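Order of the sequence lines sets the chain letters (A, B, ...), proteins ahead of strands, with each chain counted from 1. Predicted model, so just to flag it, every value in this text is computed and none were measured. Hydrogens, waters and symmetry mates play no part in the numbers below; they use all other heavy atoms, side chains included.
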There are 2 protein chains.
Amino acid sequence: MDQVAEAAGVSRATVSRVINGAPSVDAKIREMVQRAIADTGYVPNVAARSLVTRRSNSVALVISEPDRPDNHSFLNRIFTDPYFGRITAGATSALRPHDIHLVVIPTDSTDHHQVVRYLRQGHVDGVLLISSHEQDTLPRQVHDLGIPAVVSARPTSPIAVSYVDVDQRLGARLAAEHLLNRGCRTLATISGPLDIPSGLDRLDGFRAFLSTRGFPSVPTIEGDFTRAGGEAMARRLLAQHPNIDGLFVANDLMAEGALRALQDLGRRVPDDIAVVGFDDSSAALDCRPLLTTVRQPVEEMAAEMAEVLMAHIATPGRLPRSVTFQPSLVIRNSA
Amino acid sequence: MDQVAEAAGVSRATVSRVINGAPSVDAKIREMVQRAIADTGYVPNVAARSLVTRRSNSVALVISEPDRPDNHSFLNRIFTDPYFGRITAGATSALRPHDIHLVVIPTDSTDHHQVVRYLRQGHVDGVLLISSHEQDTLPRQVHDLGIPAVVSARPTSPIAVSYVDVDQRLGARLAAEHLLNRGCRTLATISGPLDIPSGLDRLDGFRAFLSTRGFPSVPTIEGDFTRAGGEAMARRLLAQHPNIDGLFVANDLMAEGALRALQDLGRRVPDDIAVVGFDDSSAALDCRPLLTTVRQPVEEMAAEMAEVLMAHIATPGRLPRSVTFQPSLVIRNSA
DNA sequence: TCACACCGAGAGAGCGCTCTCAATGGGCCT
DNA sequence: AGGCCCATTGAGAGCGCTCTCTCGGTGTGA
């Protein structure tokens, strides 16, 4: 930096001002400094900068997955579910204009300690926390750290924290309505894990709406949000209730598996049985027939999370607030 | 830190020594300091530390994907292909004991500039670079930066850089051998993209071995390593060559798609046509029938990449070296 | 013409840590 | 017993940057 200052014939302070875009610099001097920077190939030292600004200009995207008793590692699940790619894309797009970097940290409950230590050390200015598991203690721990944070869904315990969510119940209702409108009269659902709020809310919303329309009870089977789980649950569901003609599956990945099971069982979709998914992820387009599904604007939600987080970082005392997005129905070929 | 020093009745220097595990500290004093640290809840400031040590204790995992003309974003591809989850898991496991953090940076060619800037700024001590695309300029750019780096595959241009790879040709040979041993006599392959070394090498190895066994020409169709691509290519291949009885698909994801196509076409697997994949990823277990495939020890390879990188970081002048892993055949039900 | 205000640039003090170098003290050798 | 050496600890100088405070210079109004 001293080199640059000397090359431009100014003081370090002025070089700093130019780099940080301070308005009070003469245009000519600014230009000289910029040329000097280009000539010397100078790159600011981030450590020194954050030492004084107490900003790292990066935020963590912590993806907290419960450890389930299956043979797939949580990393594998995270990198296989298109949902997380959309989250990353959305957050990145919002952060990039502010030149803030995203550090992706996948975790399961076994290394919460590591994550907390990382956050405490001040590597990042704030946290985007993707946590859906009800028993997950990470939201509370992060909250107690006092570091700015935004959570991806309504927290299960009453923590004063900002969050962004989609109206899950409304989404389920859209699915139910559509199935009824098509003429389906024997509805069923493969729910998500019931220890996850989104799983619970979608099931609740689906049942609640149907009961107002004269369907007091609906065959339900609990799934795990994976493709293989969807396939297995569909098989089991149809074995128990062979005459189902409308199926709501709580996410697209399971719906993809369910469609495969239905095909194996010789059911035509949507003629014999109509299927509606949830998410509108890329998996919906991998399905045959193409999946009718409830669209969750995941990218926009992640971007909003990032915006809210940046606001919290900029204004430390800011009160938590929540933002709810509306889902919409995307009609394709499966229903 | 001063607080801790005062509480323990020692100097800052001694506190620093305790934190960094210097051996020359009296056991009693060490203990006092540790208690003081616990009492005060002291956490070292990483920025100040890296300012003086010139180490960030984190490395970047840069996943560079070519931008292909499809409707899925590269982020979606990265977060959908199980391969990257395995890479992350392997690298993490090797880095964790050294308390080094992994910053995952997905990128396509449009933001190489951003990535390079990030690396130049000294956020990380080194780079694990996952880059397979032949025209990818990132390996060269990273190399020119002079920052320690390890690449995931044999670089296409002759760059003096360490890399870790699997013996692709041998893997393809294992597949070919297995198909012949089963009695298949009309073989074909769905290759990977031919502008990617792994795609090319697998095709080459497959053909080269078969020609030594009296099969001078093998029907080949170029795929794109995606599930949908595998399905489409399998359809096309079988339309042109209806009597194929043995198929080598250059990765598991495409093989999954191919199996789906074969099922649609009414071919029984493996009785009518045997299928061998490549990777042994979790997708192999999503297949019906379970996929016979060439196992690539991706986790181990990623861990090795991390080890080599740490060696480079510890010894700046170290000469580049390459490590090649052996693939193995995993026999399941599809062949 | 003078005083005042305001704008732009420089000087210098840290940010919190590590690490070298010097100092102190105890043990051991002669 | 004296001296020397090694083992520990303390003191203090930076690491590279930002930012406040100060100062010089120019413009404006009376």
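Between the NE2 atom of B:His123 and the P atom of D:dG16 there is a distance of 17 Å, given to the nearest Å. Residue A:Lys28 contributes atom NZ, which lies 14 Å from atom P of C:dG8 at whole-angstrom precision. A:Ile29 places its CD1 atom 6 Å from the P atom of C:dG10, with the value rounded to the nearest Å. Counting to the nearest Å, the P atom of C:dG16 and the CG atom of B:Leu51 are 12 Å from each other. Look at CD1 on A:Ile19: it is 16 Å from C1' on C:dA9, rounded to the nearest Å. Atom CZ of A:Arg55 and atom C1' of C:dC15 are 15 Å apart (whole Å). Here the C1' atom of nucleotide D:dG10 and the CG atom of B:Asp26 are 15 Å apart, to the nearest Å. Counting to the nearest Å, the C1' atom of C:dT18 and the CZ atom of B:Arg17 are 10 Å from each other.
When the side-chain nitrogen and oxygen atoms of A:Thr53 are compared with OP1 and OP2 of D:dT18, none of them lie within a distance under 4.0 Å. The shortest distance between the side-chain N/O atoms of A:Ser11 and the OP1/OP2 oxygens of C:dA9 is not below 4.0 Å. For the OP1/OP2 pair of C:dG8 and a distance below 4.0 Å, the side-chain nitrogens and oxygens of A:Thr14 include no atom meeting the criterion.
Using modelled atom types, one finds no donor on one side chain facing an acceptor on the other under 3.5 Å when comparing A:Thr324 with A:Asp165. In this structure, a donor-acceptor pair under 3.5 Å is present between the side chains of A:Ser162 and A:His312.
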Let's go through A:Val166 and A:Val298 carefully: what are the C-alpha distance in whole Å and the side-chain angles of both, what is the deciding distance for side-chain contact (heavy atoms from CB on, under 4.5 Å) to 0.1 Å, and is it a yes or a no?
CA-CA 9 Å; A:Val166 71; A:Val298 176; over 6 Å; no
Going through the checks in order, is the side-chain contact (heavy atoms from CB on, under 4.5 Å) test met by A:Val161 and A:Leu129?
CA-CA 11 Å; A:Val161 66; A:Leu129 180 53; over 6 Å; no
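Residue A:His98 places its NE2 atom among more than 12 non-hydrogen atoms of other residues, nucleotides or ligands, all under 6.0 Å distant.
Judged by distance alone, with hydrogens and angles left aside, A:Arg30 brings no side-chain donor or acceptor close enough to the base of C:dG8 to form a pair under 3.5 Å. Side-chain atoms of B:Arg12 and base atoms of C:dT18 include a donor and an acceptor less than 3.5 Å apart.
Toward the 5' end of DNA chain D, the nearer of the two residues B:Val25 and B:Arg54, judged by each one's closest nucleotide, is B:Val25.
When every heavy atom of B:Asp26 is checked against every heavy atom of B:Lys28, the shortest pair comes out as OD2-N, 3.0 Å.
Side chain of B:Ser58 to backbone of B:Ile100: no donor-acceptor contact under 3.5 angstrom is found.
Within residues 38-50 of chain A, no residue has any heavy atom closer than 4.0 Å to DNA chain C.
Counting non-hydrogen atoms under 4.0 angstrom, B:Asn20 reaches the backbone sugars and phosphates but no base.
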